[in-house]
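Following: one structure in structure tokens, then a few remarks.
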Amino acid sequence: MLKNAGATLLPLIEGLRAAGAVGLRYAADSRRLADAIRASPAGLFLRELLETPAGVGAVWPSSERLARGMAAQVDPRGGGLVVELGAGTGVVTRALLDRGVPADRLRVVERSPAFARHLRQRFPEVAILRGDAARLSDVLDESAAGGPVDAIVSSLPLRSLEPDVVSAVLGQCRALLRPGCPLVQFTYAPRGLPDAGLSDGFVVRGDLAVWTNLPPARVVMLERAG
Ligand SMILES: C[S@@+](CC[C@H](N)C(=O)[O-])C[C@H]1O[C@@H](n2cnc3c(N)ncnc32)[C@H](O)[C@@H]1O
């Protein structure tokens, strides 16, 4: 009788043990996957988005197509600085370097400490300046990283930042860019300028729709008026 019960229970116990092992493996794999997502650029982006939605102002990092579209507006051969504002995970920084902008002429200004840390690890050869684009010239001077500016490439969310911050940022761009030099800005707005202040001191040179971005975006090309 006992022998029969043992014969019946044994497969059941073996089955439970196997299921337990699979469960543990699954839990460990899920934990590893969650850690990998947390450590990835997309995970960092989502964390920053939850923390400062208006400061990030986007639901997902820029696509490579959008980044290349922005970088294509910059002439890599000039002698002055190329300043990137609001670099986030660094997709546009990568595109600017791939475009041929020398690392020692690139200045990247990012307000979030977590993004700035990530950018420093990803681009040790580039000056990553943690600071507010609304104080751009001070941020450049404080790091002894200033100089004539040939181009400004901005991923700042002009439509969700506070109006006084946007006004200060645009004032800095007007003051630092020389006449004829480009200001490149992306926007999710389907038409027009992302901020009315851009019509003061800048001339629109064209725009470029990028459908392969989440959501679709536009690169707006402006030039500092003479
Ligand atoms: C739309 S997200 C950047 C997207 C980026 N191209 C990417 O793919 O990760 C906007 C970025 O601007 C930064 N930012 C917002 N306000 C800023 C400010 N006043 N000065 C500098 N950076 C700012 C945010 O921290 C964020 O990294």
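Just so we're clear, the structure is a prediction, and the values are computed from it rather than from any experiment. Order of listing sets the numbers, starting from 1, for every ligand and every atom in it.
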* **Residue portion contacting ligand 1 (non-hydrogen atoms closer than 4.0 Å) for Val91** => side chain

* Asked: Nearest heavy-atom pair of Pro41 and His118: which atoms, and what distance?
  -> CG-CE1, 4.1 Å

* To do: Run down the list Arg111, Arg130, Glu162 and name the one with the heavy atom closest to atom 21 (C) of ligand 1.
  => Arg111

* side-chain hydrogen bond (donor to acceptor under 3.5 Å, both in side chains): which pairs involve residues 179-190, sequence neighbours left out? -> Ser154-Gln185

* Check ion pair Glu64-Arg68 (N to O, under 4.0 angstrom) -> yes

* Structure fact -> Contacts of Phe115 meeting ring-ring contact (aromatic ring centres under 6.0 Å, His included) (sequence neighbours excluded), chain-then-number -> none

* Asked: Tell me: protein heavy atom nearest atom 23 (C) of ligand 1, and distance?
  -> Leu156 CD2, 3.3 Å

* Could you walk me through whether Arg135 and Glu142 pass the salt bridge (charged side-chain N to carboxylate O under 4.0 Å, His left out) check? -> CA-CA 11 Å; Arg135 301 178 46 251; Glu142 281 158 15; 2.6 Å; yes

* Asked: To the nearest 0.1 Å, how far is atom 4 (C) of ligand 1 from its closest protein heavy atom, and which atom is that?
  -> Ser62 OG, 3.9 Å

* Counting heavy atoms only, which of Glu110, Glu51, His118 is nearest atom 13 (C) of ligand 1? -> Glu110

* Quick one: which of Gly86, Ser154, Ala67 has a heavy atom closest to atom 3 (C) of ligand 1? -> Gly86

* Non-hydrogen atoms of Arg224 and Arg178 that approach each other most closely -> CB-O, 3.4 Å

* Asked: Tell me: protein heavy atom nearest atom 1 (C) of ligand 1, and distance?
  -> Val56 O, 3.0 Å

* Between Ala58 and ligand 1, which residue portion shows a heavy-atom distance shorter than 4.0 Å: side chain, backbone, both, or neither? -> side chain

